[in-house]
Amino acid sequence: MSNSQSYKTIDAISEVLHKDRGSKFIGIAYPTDSIDNVKIQLDQLKETYPDATHICYAYVLGINGEDYRANDDGEPNNSAGQPILREIRSADITNVLVAVIRYYGGKKLGVSGLIDAYGTAARLASEQTNSVVKVVQ
């Protein structure tokens, strides 16, 4: 991730919409610094999008990205959470939660289509905000 004196994160919440074969994927990236804040954000997403088909997410916390998790929320194993996590890792950022809210559009995308759609929504959300380098105090 980075050396132990600094780390790269995002500076603001961003939201994007990605569409694929009728399904809508809303990607949202949040700067965060604790699992408690991750839980608060996920609870708020469930309240904001109660009719969503899936709310999949991944987060990376810690100066070196040592604390992380990916969740598929009922999608086939590793078709949603892992692609989101890969995009976070690819951007080399930490202290971030990226959630992708899916509204099913009537056409099955298959596992490869899901991997692509969730990864794209996550990448677009993380690119929509500025990354910043923070120095450990």
**Q** State, to 0.1 Å, how close R69 and N71 come at their nearest heavy-atom pair, and which atoms those are.
**A**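 Where R69 meets N71 most closely, the heavy atoms are NH2-ND2, 3.7 Å.
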
**Q** Could you tell me whether the side chains of Y118 and Q82 share a donor-acceptor contact shorter than 3.5 Å?
**A**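 Checked: Y118/Q82 side chains show no N/O donor-acceptor pair below 3.5 Å.
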
**Q** Could you grab the distance from atom OG of S23 to atom NZ of K108, nearest 0.5 Å is fine?
**A** 11.5 Å

**Q** Answer yes if L61 and L45 sit in the same cluster of Ile, Leu, Val, Met, Phe, Trp and Tyr residues linked by side chain heavy atoms under 4.5 Å apart, and no otherwise.
**A** yes

**Q** Look at the side chain of S14 and the backbone N and O of A125, then say whether any donor-acceptor pair between them is shorter than 3.5 Å.
**A** yes

**Q** Is a donor from one side chain sitting under 3.5 angstrom from an acceptor on the other, for T94 and N64?
**A**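 The answer is no; no qualifying pair exists.
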
**Q** Verify, without hydrogens or angle tests, whether T129 (side chain) and S126 (backbone) share a donor-acceptor contact under 3.5 angstrom.
**A** no

**Q** For a 4.5 angstrom cut-off between non-hydrogen side-chain atoms, does V136 reach I63?
**A** yes

**Q** Do side-chain atoms of T120 reach the backbone of D116 as a donor and acceptor pair under 3.5 angstrom?
**A**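 Indeed, once roles are kept as given, a pair shorter than 3.5 Å links the two residues.
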
**Q** Tell me yes or no: between the side chains of D73 and Y57, is some donor less than 3.5 Å from an acceptor?
**A**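 No.
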
**Q** Work out which heavy atom in A117 is nearest to a heavy atom in L109; give both atom names and the distance.
**A**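 Answer, listing the atom of A117 first, then L109: CB-CD1, 4.4 Å.
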
**Q** Should I28 and I101 count as side-chain neighbours, where that means a heavy-atom distance under 4.5 Å?
**A**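 Yes; the side chains approach each other to less than 4.5 Å.
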
**Q** Both conditions, 6.0 Å and 45 degrees, for the charged tip of R89 above the ring of Y68: are they met here?
**A** yes

**Q** Quick one: list whatever passes salt bridge (charged side-chain N to carboxylate O under 4.0 Å, His left out) with R123, sequence neighbours left out.
**A** E127

**Q** Give, for atom CG of L97 and atom CD of Q41, the distance between the pair rounded to the nearest 0.5 Å.
**A**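 CD of Q41 is found 6.5 Å from CG of L97.
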
**Q** Other than I115, which residues form its hydrophobic cluster under the rule that side-chain heavy atoms must be closer than 4.5 Å?
**A** V111

**Q** Measuring from atom NZ of K134 to atom CG of D33, what distance do you get when rounded to the nearest 0.5 angstrom?
**A** 8.0 Å

**Q** State plainly whether one hydrophobic cluster holds both Y30 and L85, where clusters connect Ile, Leu, Val, Met, Phe, Trp and Tyr through side-chain heavy atoms under 4.5 angstrom apart.
**A**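 In one cluster with Y30: L85, no.
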
**Q** Could you tell me the separation between the CD1 atom of I55 and the CD atom of E75, rounded to the nearest 0.5 Å?
**A**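 It is 12.0 Å, given to the nearest 0.5 Å.
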
**Q** For V133 and Y7, run side-chain contact (heavy atoms from CB on, under 4.5 Å): C-alpha distance rounded to whole Å, both residues' side-chain angles, the deciding distance at 0.1 Å, then the answer.
**A** CA-CA 6 Å; V133 175; Y7 61 93; over 6 Å; no

**Q** Please say yes or no: joined through hydrophobic side-chain contacts below 4.5 Å, possibly via intermediate residues, are V16 and Y103 part of one cluster?
**A**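 Each belongs to a different hydrophobic cluster.
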
**Q** For the residue pair E87 and G119, what are the closest heavy atoms and their distance?
**A** CG-O, 3.2 Å

**Q** In this structure, would I26 and I13 fall into the same cluster of hydrophobic residues linked by side-chain contacts under 4.5 Å?
**A**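 Yes, I26 and I13 fall within the same hydrophobic cluster.
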
**Q** With distance as the sole test, does D92 use its side chain to make a donor-acceptor pair with the main-chain N or O of K8 at under 3.5 Å?
**A** no

**Q** For the side-chain contact (heavy atoms from CB on, under 4.5 Å) test, which of I35, V98, I88 pairs with Y59?
**A** I35

**Q** So does T9 get a backbone contact from the side chain of S131, meaning a donor-acceptor N/O pair under 3.5 Å?
**A** no

**Q** Does a side-chain heavy-atom distance below 4.5 Å link L42 with Q44?
**A** no

**Q** Is it the case that one hydrophobic cluster holds both V100 and I10, taking links as side-chain heavy atoms less than 4.5 Å apart, direct or via other members?
**A**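 Per the 4.5 Å side-chain linkage, V100 and I10 are co-clustered.
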
**Q** Do H18 and D20 come close enough that some side-chain heavy atom pair is under 4.5 Å?
**A**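 The answer is yes; the side chains approach within 4.5 Å.
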
**Q** Got a sec, which residues hit side chain to side chain contact (heavy atoms under 4.5 Å, CB included) with K19, two or more places apart in sequence or on another chain?
**A**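 With sequence neighbours excluded, K19 shows a side chain to side chain contact (heavy atoms under 4.5 Å, CB included) to L17, K24, given in chain and number order.
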
**Q** Measure from the side-chain N and O atoms of D72 to the backbone N and O of G81, and report whether any donor-acceptor pair falls under 3.5 Å.
**A**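 At least one qualifying donor-acceptor pair exists.
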
**Q** Distance from F25 atom CZ to L124 atom CG, nearest 0.5 Å?
**A** 12.0 Å

**Q** Going from CG on D11 to CG on N130, what distance comes out if it is rounded to the nearest 0.5 angstrom?
**A** 4.5 Å

